[in-house]
Engineer: 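Got a structure here, written out as structure tokens. Questions coming.
Here is the naming used below: chain letters follow the sequence lines, and residue numbers restart at 1 for every chain.
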Amino acid sequence: MSGWRHSSIGSQIDRNTPLPFTFDGRPGSGFAGDTPASALLASGIRVLGRSFKYHRPRGLWGMGNEEPNAIFDVTEDGRTTPNVRSTTVMLRRNMALRSVNTAPDAARDRTGMLDLFNRFLPGGFYYKTFMAFGWMRWEPMIRRMAGLGRLDPGHCPPADIPQLNARCDLLVIGAGPAGLAAARAAARNGREVWLVDDAPEPGGSLRWRGGAIDGGDWREFTRDAIGAIIAAGGRILTGTTIWGAFDHGLFAAWERRDGSPDRLWRIRAAETVLATGAIERPLWFANNDLPGILSAEAALHYLSLYGAVAGRRILLATGNDASYPVAAALAQAGCDVTLADARADAPAAPDGVKHLGAARLTQAHGRNSVAGAVVDGRVIETDAILVSGGYTPSVHLHCQAGGKLDWDTGSDSLIPRPGSSALWVAGAVNGSFGLARALAEGHAAGGGTGPAPRAAAGDWQFFPMRPDPDLRGRQWIDPQNDVTLKDVKLAAQEGYRSVEHLKRYTTLGMATDQGRSANFAGLATMAALTGRTIPETGTTTYRPPFSPVPLGVIGGLRRGDLFNAPKRLPLEIAHKARGAMFREYGGWLRPSVYGTDDEAVLAQQEALAARKSVGLYDASPLGKIEVIGPGAAELLDYCGYLRLSTLKPGRARYGFVLGETGIVHDDGVVFRLAENRFVVSASSSHAATVRMILEEARQDVFDPTKSFIHDVTAGFATLTVTGPKSRDLLIAANLPEALYDDANLPHMSVTETFWNGHSLRVARVSFTGDRSYEVTVPARHAPALYSALETARQEVSGRWIGMEAVMILRAEKGFILVGKDTDGLTMPHDLGWEAPREKRKDEYLGRRSLFTAEARRADRRQLVGLEIDGDAPLPTGAHLVPLEGQRRSLGFVTSSYFSPILGRPIALALVEGGRNRIGTELGVFHLGKIGRVRICDSCAFDPTWERLHA
Amino acid sequence: MQIFTCPFCGPRDETEFHFAAEAGKKRPIPAETVTDDEWAEYLYMNSASRGKAQEVWLHVTCGEFFLMTRDTVTRDVTAVTSLPGRNA
């Protein structure tokens, strides 16, 4: 308990507005402007969580999305959001913070004893140990003990996050000194600049390091830059994380807004400046994960912005110049500061700071919190250790955009290789530290004319700090995933020497902080152990997202009904008024049955009514693809399995569309309305792809000017009248007289006429085996057609039937659904359609594939029917097996129903050499039991087809 | 997210497009004279070249099939043209 709040320092907080909160159930207090991390630091609470694997106490390390430890489940208004990084959100009144991976809480965790067994839990431990008795046995236990926050199943965030597209001339990522200079320079040249930063306000490190620019305070410079951006029509987004760089200059940004839903931006920039800065590395010594050990940069951040101070007796261990202003500020704030610099030629210490040169920190003392440190073998009493092992440039977006990295000795880091991505790079991300260099690079990257903004010169010198594999004690490399130096050594020993293998074997860098502060040490150690340089060892691949983004932000409004919105019928309201139950069929929302009784019972009643008198159903989703022009017949001949140029105008023909592999893609009826006008009635779920098959042939194989393809499915509504009394219903509906005459409109014919002043198309095609009429009108006239047919239906005692009844009716006749009664191997001759394959001499899609050795096999799976004893329909998908000999699958049941008109179950199946098996028996295997079925013709009802004309 | 240019509609987001085929593959005909191997080659063998590639793409929203020349590494699109159809 040694963090404290300074009485006057703190530019972000409003001391007049205290905010109460709780941490692990105990009350705490912060100020408006605090983050949970700064409030906890100031209140002196050190142990903020337990580590992932060993349950060691952990405390605050950093100040942004690199934070590995201070992660909480946050409850507000009864809703819990898990795994919130306490450094990146604002503290709000009555926030309840719950440490993760602790029982009962961070301070008194029961499973801390796990750490005693650490020597038995090396890297790769899970792979080696829990294979005995199978991983499945161990997994539930391990999952309970490991992991981070707990999901609140009651919290379903609303799908209210807008996703917006934007364009700009220049996107500047990062509003620190380099980003501000770039944005200002470009805006002054009249360019539309978007300046984006994930902090709540622009300034970057200037916010805590301060600085004079062009002789004035940095805030004046920032105001000037913002003014220039706004004046040139640009925009500043704060609290916004650019989390992904994608092809052709697209960036994804997550904007957090207080009091409004977050937003996702897709920003397409003509040019981009990357000014994302760098993240401080830790140091590696025994027990370097103790609470009270913080990043030096973060300590200055908390002091300057929030007045939150890490401790009173502070040891600052470093090897670079960046830490000197930190030591000075802490000393000024009243801390007792010892600066231990690894360099022999360290610069002079700031006033009031004790200074140790060529000093090496080897160990931290303390149980749950820092109590002392060992420097050069001497114990120093201290209550906080601040460390700086140098900086790692945040090159993620550069690498996501395809960029490569080069080693830069001056900054002791990997920096973007110039020109290897399309992004301009400026400032610390480029290994250019110090205010003057950052401003100069930013100014140049923004295309600045004239002199760059001036600041006091002063390059930072970096002494390379590395983990020492020979040092005694446990040194943490990745605190969030509990990876120690020993684990990295073990990986090297066991041959996992590639960084990608190291990552997967030890889980280094795989936690939610993505190893921001850990990866460099891991790869530097591996490089040292394997005698390679750091560039030779390489880095793991950078992929979006840069930091965790809520799924709700990526999903946006596409959830629930809007996730994959079905197509809707023009008559949906009318069907609903009739009590229809709706389901999705092939992407369309259609009535399944009418009424509120059991769906299966209603489907049986509807199917029987359609057979006995007349049924009416909405067939509007049937594809209606118009193929028009002098080349139409030739095009359709090529795209279809059956020739269509021989079809007479006014007639219809059933056929198939094949892929080039010969597999049935779709079936359906084609109408020839006139010499040069066809309508392809593709099945409702395949209409879109059939259109593209036709288009591809039209544009690639034929003269595209000779035909035209127009999918008008959505423009028309179709109601189908089917059953022995279907003609009576048409008569009762007062439809044009010409339709009643079978000589004029026989089965498989079509006619267009006028009715009530608009066009009406009637086709005699049947999906049920009964006399049927498909009546089609323009969609806007659907209600008129509906009411005419509805009045007539009552007169002839017909019934509205849903798709479930239609499925029964078509299966009774052996009519297939492509994709249900066929699979990815089914060719047309497997369905009994041999003739075109044998007789056609002209080229058509898929033709050659129908003559391969595979296509000629006699034991191909063929469509047949099944007869069953008893009343119970077969389970769809059950496999057919030989009754004797070795059991193997001969095929499977594709459709299965109880037929109300036949009073028995019926089924369709694909069976090896099925047609030759008609009359024989096979076994049907289901849930370990084998029943008996007889193979029969696929048409179970009205095999003489008399009812088509009845 | 890439931007492709449909010869009919202009530049659009890549989500509006489907890959159709590698360009330059001639469909072997007539079927009677085509061997199984030739047919399999036509159906399944692609060069999937690294770098410059010429492909047929479909702009799903308008139905235009077109030739696109692009670099599969840099993702640069260098040319788009309509299919010549039978007039080729």
Side-chain angles (χ1 to χ4, degrees), chain A residues 165 167 244-252 266-268 401-402 420-422 625 631 634-635 638 659-663 688-689 691-711 837 840-856, chain B residues 1-8 11-15 17-44 55-67 70-77 81-88:
Chain A
N165 296 295
R167 283 178 172 275
F246 301 92
D247 292 319
H248 291 185
L250 181 76
F251 292 85
R266 295 190 197 92
I267 305 173
R268 189 81 71 168
S420 64
S421 80
I625 304 168
E634 184 185 37
L635 174 66
Y638 178 76
E660 279 283 42
T661 52
I663 307 304
T689 50
R691 173 190 158 219
M692 290 310 170
I693 288 173
L694 294 168
E695 276 292 357
E696 185 166 16
R698 181 184 80 92
Q699 295 173 43
D700 192 28
V701 182
F702 296 98
D703 180 350
T705 63
K706 292 284 193 289
S707 58
F708 186 77
I709 296 162
H710 194 185
D711 182 356
R837 174 172 176 259
R840 275 186 77 170
K841 296 290 174 231
D842 56 331
E843 276 302 318
Y844 56 91
L845 270 183
R847 182 183 178 208
R848 180 60 185 82
S849 294
L850 301 180
F851 297 95
T852 61
E854 185 62 31
R856 293 171 201 260
Chain B
M1 196 100 63
Q2 302 175 78
I3 291 178
F4 296 149
T5 302
C6 167
F8 189 71
R12 294 285 190 279
D13 209 287
E14 72 171 276
T15 53
F17 296 83
H18 280 180
F19 172 82
E22 280 188 350
K25 283 173 123 185
K26 201 160 169 58
R27 187 176 190 261
I29 48 165
E32 291 85 349
T33 65
V34 179
T35 66
D36 281 0
D37 284 349
E38 284 166 351
W39 187 244
E41 174 85 15
Y42 168 71
L43 282 185
Y44 301 115
E55 299 159 335
V56 180
W57 283 71
L58 161 65
H59 188 210
V60 177
T61 42
C62 78
E64 176 89 353
F65 285 81
F66 61 97
L67 279 172
R70 66 186 192 106
D71 190 303
T72 57
V73 178
T74 65
R75 304 285 166 88
D76 287 340
V77 178
T81 47
S82 295
L83 290 184
R86 186 187 275 170
N87 303 327

Engineer: Measure distances from B:I3 to the heavy atoms of chain A and classify the residue's part below 4.5 Å as side chain, backbone, both or neither.
Structural biologist: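 Both parts, backbone and side chain.
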
Engineer: A:S849 vs B:W39, test: side chain to side chain donor-acceptor pair (under 3.5 Å). Steps then yes/no.
Structural biologist: CA-CA 8 Å; A:S849 294; B:W39 187 244; 2.7 Å; yes

Engineer: Are A:R848 and B:E32 within salt-bridge range, i.e. N to O under 4.0 Å?
Structural biologist: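 No, A:R848 and B:E32 are not salt-bridged.
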
Engineer: So for B:A40, is it side chain, backbone, both, or neither that comes closer than 4.5 Å to the heavy atoms of chain A?
Structural biologist: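 Neither part; nothing is under 4.5 Å.
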
Engineer: Less than 4.5 Å to any heavy atom of chain B: does that hold for the side chain of A:Y844, its backbone, both, or neither?
Structural biologist: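 Backbone of A:Y844 only, per the 4.5 Å heavy-atom cut-off to chain B.
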
Engineer: Which heavy-atom pair separates A:L250 from B:M1 by the least distance, and what is that distance?
Structural biologist: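 Closest heavy-atom pair between A:L250 and B:M1: CD2-CB, 3.2 Å.
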
Engineer: Side chain from CB out, backbone as N, CA, C, O: work out which of these in B:F66 comes under 4.5 Å of a heavy atom of chain A, or both, or neither.
Structural biologist: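 Neither part.
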
Engineer: Under a 4.5 Å cut-off applied to non-hydrogen side-chain atoms, are A:T661 and B:L43 in contact?
Structural biologist: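 Yes, their side chains come closer than 4.5 Å.
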
Engineer: Side chain, backbone, both or neither: which part of B:T74 has a heavy atom under 4.5 Å from chain A?
Structural biologist: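 B:T74 has no heavy atom closer than 4.5 Å to chain A.
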
Engineer: Are A:Q699 and B:L58 close enough, and set up right, to give a side-chain contact (heavy atoms from CB on, under 4.5 Å), and what steps lead you there?
Structural biologist: CA-CA 11 Å; A:Q699 295 173 43; B:L58 161 65; over 6 Å; no

Engineer: Among B:E14, B:R27, B:H18, B:R75, single out the residue with the greatest number of heavy-atom pairs under 4.5 Å to chain A.
Structural biologist: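 Most heavy-atom pairs within the cutoff with chain A belong to B:R27.
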
Engineer: Given heavy-atom pairs under 4.5 angstrom as the criterion, report whether the side chain, backbone, both or neither of A:E843 touches chain B.
Structural biologist: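 Side chain only.
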
Engineer: Heavy atoms only, distances under 4.5 angstrom: which of B:D76, B:D36, B:V60 has the most pairs with chain A? Name it, please.
Structural biologist: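 When all of B:D76, B:D36, B:V60 are compared, B:D36 has the most.
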
Engineer: Does any heavy atom of chain A fall under 4.5 Å from the side chain of B:D13, the backbone, both, or neither of them?
Structural biologist: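 The answer is the side chain of B:D13.
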
